[in-house]
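Accompanying notes for the structure given below.
Reckoned from all heavy atoms, side chains included, excluding hydrogens, waters and symmetry mates. Labels below follow one simple rule: chain letters A, B, ... track the order of the sequence lines, proteins then strands, and each chain is numbered from 1.
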Amino acid sequence: MTSATLGVRRGRAKGSPLARRRRRVFGPFLAPALILYTIMFMVPTAYSFYASFTSWDGFSNPRWKGTLNYDHLRHDPAFKDAFFNTLKLLFGCGIFLFILSFAFMLMLREMKGRRFIQGFIFLPHIVSGVALAAFWDFLLNHDGMLNKGLHSFGLGPVDWLKPQWQFNAILIAIVWINTGYYVTILMAGVDRIPPYYYEEAKLAGTNSWQRFRHITLPMSWDVIGTAAVLWTIGTVKIFEFILAFSGSQGNLPTTNQWTSAMYVYGETIGGTSPIYDFGRACAGAVVTLVAVVLVVVVLRRVTSRDRLEL
Amino acid sequence: MRTSKNVYRAGVIAAAVAVSAASLSACGSSSKPGSSAAAKDSNSTSFTYWSMWQQNEPQAQVIKKAAADFTASTGIKVNIQWQGRDVITKLTPTLRTGSSADLVDQSVNALGALVAKNETTDLSSLYSTTIPGESQTVGQVIPDSYKPFLNDQNGKPFIAPYEVSSEGLWFDASKFPDLAANPPKSWDDLLALFDKARGMGMTPLAVPGDDKYWVLLVLQRELGTDGLKKLASDKTGAAWDDPKVLKAAQLVQALRDKGDILKGYESSKSIDEEGDWAKGQAAFYLSGTWVPSEAAPNATAGFKFDSIQLPALDSGNTDTGINFFGFAVPKSAKHADAAEKFVAFFMKKEELSGISTQALNLTPRTDITPPAQLASMSKALTGTVYADQAHLSVDYADWTNKMLNPEMIRLITGQDDAAKFVSNGKQGTIDYWKSAS
């Protein structure tokens, strides 16, 4: 659809009485959702922003303390760990996840029984993070399945979960959990591409890389962009898997495994002796939010291309 | 255009509702905590108790029976809600408008959050209440040595403890029958004991990869309880320069270097190591009072749970750490009178015994026989006691979470040696206080 046709339609819409009425109904229909959204999300978000400039235990009245919480974050090694780990999840996991998802998607496109395999790799996304964490521990701990498998070949045991490696195990698990989901999204985008493009390209003597580069990639670009934004927002929320996997008996994971979400939990109600420092936790959340917004804006810019009409 | 006018009006009303709802919620957050607490009843016929237990836990069974007995005896109804371990976190938001619970229970540490906000009732009058059907008061059945740890910042009791816990070095008394009576008197004795275990074909120790007890308890033995606290409170970090800190760290490092710990422990959790120990793969396991009931399902046939305390080191300190689980009454509780009556009733020997016989835990009452597997622990608690883990996890919770715990784990798992532990601890403490100020 070109902008010219859009303009014509808009012009017509202005004049039509039906469209005028439609526009008037638009507000009241939108209002309930908007009101709920405002009360449930916007007000708490705004309040969190305010709280980040206060000293607040979540119970007494917040006391204004200016930017002290933000100054604290700059020196807090736990926040540095949490922020850096979140970036590792976002970019480290993200790159692997998308390469893997593309590989699966390309493989599955041409395969028989692809629905079954797609369902199979989607499965971890449905199972609760806590159950997956238990399984991951069962697989990787010293007496776990992986070491038992190695033992039968006369190898190992390997300390997969030694403290230095534990966060890497989390990163791999997060990729494993999410791959199926992103394969499904990408697949939906690629499925829209009419087969005759490929047929024609094949007749022209292209190889599969060229077909990927010149057909698949440009024609599913908008889906990739959306998936990248979804992933960015999703990484900030990764929480229960890490708590279940690395925490034990009500204790928090050690700070070198914290993410931004874990930081907020750890500074407020997490652990056996919670700290209830909501002011500082809000400051941490605001910094993360700003970082995510920046990443999303950049991603939108990079991936915003004119959508190709099919 | 009636319709469109109506629609417009509806939109305006909806917007007005939204604005007023938002401002209402803002009003809600500026009201004064506890200010709307209703006048307290003096003859309540019921009260609400939010419990830290889940319904199927043995402690819950004991409390449920006591509540039924209490209702039968006094006519006061007990509304129990099994909230689980995060009961205090759930309670806190309700305190602004008057507590939802008249009675809560948790560890003395977890209740510390309410104490810090001055939101607990002074239980002095409960302590001087005579236990129904007995001659002693609630305060009299609680040993005096425990009392300093049960007070708030004004020196008034805020918790009525019904369960006591501690830590010890656990072993199978069927393999070491004389050990409880003749515990090691020095570190060398302890190492000799570990050698003996090795001679018996066992790895001496099971230690989880996230263990905090070994480093913390050895530091306590080297420095004494106050010395341990200084590591947190001394903002200059100079407390870490005490050569005893390095010595304690070296003792722990030596255990690892010597191969006294089960292989692969660095990547394990407490539940794994506890299981391996109960199956007889290791001889000793340093952990809390809950070990016998938790490890029993994994224990080999004939396993007899018993424990000893760590020997004295340079400070000469042989005190036993103590932790309490008990009842507290929120300040804004409306039926505090009934709640306190129930607590006095629960402290009856007849009721409280269930904590020992059914829940297999220690009670504060010395006239209740402890479970056999906790007899040694109970005896240790009759000596001098100190607040469990020197109260670091409450008084310096943030420092403990962010500085001490990670460093202790790095030491016990061999990522850092003793010297690095000391230098990291010192620098970490200096940095922590700099950023906390």
Ring geometry between A:Trp160 and A:Trp165 (parallel below 30°, tilted from 30 to 60°, perpendicular above 60°):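 It falls in the tilted class, 30° to 60°.
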In terms of heavy-atom pairs under 4.5 Å with chain B, which of [options] leads?
options: A:Phe245, A:Trp258, A:Phe29; answer: A:Phe245
options: A:Gly58, A:Ala78, A:Pro163, A:Pro77; answer: A:Pro163
options: A:Thr268, A:Asp159, A:Leu252; answer: A:Asp159

Cation over ring face, B:Lys229 and B:Tyr396, 6.0 Å, 45°: no
Need one label for [X]: side chain, backbone, both or neither, based on atoms under 4.5 Å from any heavy atom in chain A.
X: B:Ser270; answer: side chain
X: B:Thr413; answer: side chain
X: B:Glu407; answer: neither
X: B:Lys402; answer: both

Answer with side chain, backbone, both or neither: which region of [X] has an atom nearer than 4.5 Å to a non-hydrogen atom of chain B?
X: A:Ser246; result: backbone
X: A:Pro157; result: neither
X: A:Asn147; result: neither
X: A:Tyr263; result: side chain
X: A:Asp71; result: neither
X: A:Asp137; result: side chain

Side chain to side chain contact (heavy atoms under 4.5 Å, CB included) partners of B:Lys90, counting only residues at least two apart: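 B:Lys90 satisfies side chain to side chain contact (heavy atoms under 4.5 Å, CB included) with B:Trp50, B:Gln83, B:Asp86 once adjacent residues are dropped.
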Side chain to side chain, B:Glu274 and B:Asn298, heavy atoms closer than 4.5 Å: no
A:Ser52 and A:Tyr70: side chain donor to acceptor below 3.5 Å: yes
Check: A:Phe138 ring centre within less than 6.0 Å of A:Phe135 ring centre: no
Atom pair OG (A:Ser16) and CZ (A:Arg22), whose distance is rounded to the nearest 0.5 Å: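 Taking OG in A:Ser16 and CZ in A:Arg22, the distance rounds to 7.5 Å.
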Donor-acceptor contact below 3.5 Å, side chain A:Asn85 vs main chain A:Asn256: yes
Side chain to side chain donor-acceptor pair (under 3.5 Å) partners of residues 278-287 of chain A, not counting sequence neighbours, each pair once: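 Residue pairs with at least one partner in residues 278-287 of chain A: A:His72-A:Arg280, A:Glu267-A:Arg280, A:Asp277-A:Arg280, A:Arg280-B:Asp398.
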Residue among B:Arg85, B:Gln106, B:Lys263, B:Lys212 with most heavy-atom pairs under 4.5 Å to chain A: B:Lys263
